[in-house]
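For reference, the structure is listed below as structure tokens.
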Amino acid sequence: MISDWKNALVKLGIAEELVNIAQEGMEATASLREDVRQRAAVNQWKVLQVLQESGLMEGHFFPTTGYGFSDSGREVLDQAIAKIFRAEAGAMRLQFVSGTHALAAGLFGSLKPGDELLSITGLPYDTMQPVIGIGENEKKRGSLTYWGVHYRQVDLLENGQINLKEVQENLSSRTAMVLLQRSRGYAWRPSLTLGEMQKAIALVHEKAPQAKVMVDNCYGELVDIKEPTEIGANLVAGSLIKNLGGSIAPCGGYLAGDADCVEGAMERLTAPGIGPDEGPTLGYNRLMAQGLFMAPIVVGAALEGAIWGAWVMEKCGLEVFPKWDDPRSDIIQAVRVGSEAGQRAFCLGIQKSGPVDSSACPIPLQQPGYDDPVIMAGGTFIQGSSIELSADCPVRAPYGCYMQGGTSFAHVQIGILRALQELKAQGLLSPNKL
């Protein structure tokens, strides 16, 4: 069987020396990948139980239009999200256009002029900076700072952990919300573990009991067997074309947490007085429910691929973060390729491995919400889906590529190997490492 596996990769155009490294990686990472599969199984059972307890029936897939009044399927999915996150309330909506949109609704739903928002994980992700109104975006029309919300941040320590001492010193009676970003985003830092988040959340609740804690949970859903709402977070939000949509939900976002926080966010999505009670599902409840059901196994496949890929890429002489055996709290695998040419080559290999648009050539483009041009690769069935195999690279030093997703371990493998093949073909891999 091993010879068949190797022969198949060679027939796909992968150099034999890369195939041999790939096989070594399979053996080296086997135990850790088995741990991931076991965790995914636990999450699969949890999601299955939740869907059953929520009473999901075929009749809940019936489409609603217009206002979407009396959409029982929508209500069941909201209940399911709340139960998965062990939270008071949840919402799962097609009408969120992105994770950033869901996060923005959560922030605007709980903050008012004169309040203070304190980020304790440093500078938020690129697309959140215009939402908050940070730096050059301070006067951005419609941003939080534009509307009179004060913003401050506590930078992470050099090791990427939360600076609890600085957090304690910066909390005040004016602090209305504390923001944590779980994932590394485009930063060269570890994702936040639940243990680290729990210490910070406990500190906030002790020193500023009036403050709500919101976690940007993008890329972190179902990576662990608990979620931030189970360790004290008041609100989490994210995208359905990332982890929780299982590569099947066609669009949308979600929120979970305290009932008043979720209600406030939903009134920002719709309008005060309407909140979660309107919003047609147009026949997509089935895809959203099925994606939710598949999410644990898809997230597990992405994690397996990231672990194996980190081992293989480091073996080929590239700097990776996290390393293959480091703790993980998101599905993102970062790798430094040294130049824009390296970013283009890496993304081209990922694009060539997609089932859709495999002949396309990713190039740097200015994307909404980003200051730097970004190269985005992803031959995905759903546009921009980063739970399907994808990679994106902000074109700036030190020229990192951020790979995530993969609906099967085998697909992640061919994507990484083709990315390495492109780097090799352009002389961008160290010869003595192969």
Side-chain angles (χ1 to χ4, degrees), residues 32 116-129 132 134-137 151-172 175 177-208 211 213-220 223-224 228 231-233 303 306-307 309-311 313-314 317-339 342-343 370-372 374 392-404:
L32 192 53
E116 177 184 88
L117 171 66
L118 178 66
S119 168
I120 63 172
T121 49
L123 191 65
Y125 184 69
D126 296 49
T127 59
M128 289 302 295
Q129 293 172 33
I132 298 169
I134 300 173
E136 295 180 359
N137 297 297
Y151 171 78
R152 290 190 299 128
Q153 70 183 49
V154 174
D155 292 332
L156 295 169
L157 297 167
E158 288 187 7
N159 62 5
Q161 294 187 338
I162 297 172
N163 190 333
L164 295 176
K165 181 176 180 294
E166 290 290 326
V167 171
Q168 182 168 341
E169 292 175 357
N170 278 273
L171 290 168
S172 72
T175 307
M177 179 166 276
V178 172
L179 176 66
L180 294 88
Q181 181 179 300
R182 179 177 184 170
S183 175
R184 70 197 72 246
Y186 286 155
W188 197 259
R189 64 131 169 123
S191 51
L192 297 182
T193 65
L194 287 178
E196 187 178 3
M197 279 191 276
Q198 188 168 19
K199 291 177 184 177
I201 292 169
L203 176 63
V204 172
H205 288 325
E206 178 187 354
K207 300 299 180 181
V213 176
M214 180 175 181
V215 176
D216 176 348
N217 208 32
C218 289
Y219 298 108
V223 171
D224 291 294
I231 57 169
L303 281 171
I307 290 167
W311 192 97
M313 290 188 288
E314 189 169 29
L318 298 173
E319 185 183 1
V320 300
F321 200 109
K323 295 186 181 299
W324 72 275
D325 55 351
D326 283 344
R328 292 172 184 264
S329 190
D330 69 4
I331 63 169
I332 297 175
Q333 179 60 53
V335 54
R336 282 180 174 160
V337 291
S339 65
Q343 291 178 314
Y370 295 88
D371 289 334
D372 300 295
V374 181
D392 40 291
C393 312
V395 182
R396 62 189 182 216
Y399 301 105
C401 293
Y402 298 83
M403 187 203 76
Q404 58 273 317

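Counting begins at 1 with the first residue of the sequence.
Applying the salt bridge (charged side-chain N to carboxylate O under 4.0 Å, His left out) rule to pairs touching residues 156-172 yields K165-E169, sequence neighbours excluded. Applying the salt bridge (charged side-chain N to carboxylate O under 4.0 Å, His left out) test to residues at least two apart or on different chains, none of the pairs has a partner in residues 193-208.
Among residues two or more places apart in sequence or in another chain, the side-chain hydrogen bond (donor to acceptor under 3.5 Å, both in side chains) test is passed with Y402 by none. Contacts of P124 classified as side-chain contact (heavy atoms from CB on, under 4.5 Å), with partners at least two apart in sequence or in another chain: S119, M128, I132, I134, Y151, Q153, L179, Q181. With sequence neighbours excluded, the residues that form a salt bridge (Lys or Arg N to Asp or Glu O under 4.0 Å) with R182 are D224, E227. Every side-chain contact (heavy atoms from CB on, under 4.5 Å) that D372 has, sequence neighbours left out, goes to R396. Taking the salt bridge (Lys or Arg N to Asp or Glu O under 4.0 Å) definition, one finds that R336 meets it with E319, sequence neighbours left out. Scored by the side-chain hydrogen bond (donor to acceptor under 3.5 Å, both in side chains) test, N170 finds R152 as partners (sequence neighbours excluded). By the side-chain contact (heavy atoms from CB on, under 4.5 Å) test, D371 pairs with Q129, sequence neighbours left out. D216 is linked by a salt bridge (Lys or Arg N to Asp or Glu O under 4.0 Å) to nothing, counting only residues two or more places apart in sequence or in another chain. Scanning for side-chain contact (heavy atoms from CB on, under 4.5 Å) contacts around A306 gives R328, Q333, with sequence neighbours left out.
Rounded to the nearest 0.5 Å, atoms CZ (R189) and CG (L157) are 12.0 Å apart. The CD1 atom of I120 sits 9.0 Å away from atom CG of L156, with the distance rounded to the nearest 0.5 Å.
Counting only heavy atoms from C-beta outward, the side chains of D155 and N163 never approach each other to under 4.5 Å. Using a 4.5 Å heavy-atom threshold, the side chains of I162 and T121 count as touching. A heavy-atom distance below 4.5 Å is not found between the side chains of S329 and L192. Using a 4.5 Å heavy-atom cutoff, the side chains of M197 and V215 are in contact.
The aromatic rings of Y186 and Y370 are tilted relative to each other, their planes meeting at an angle between 30° and 60°.
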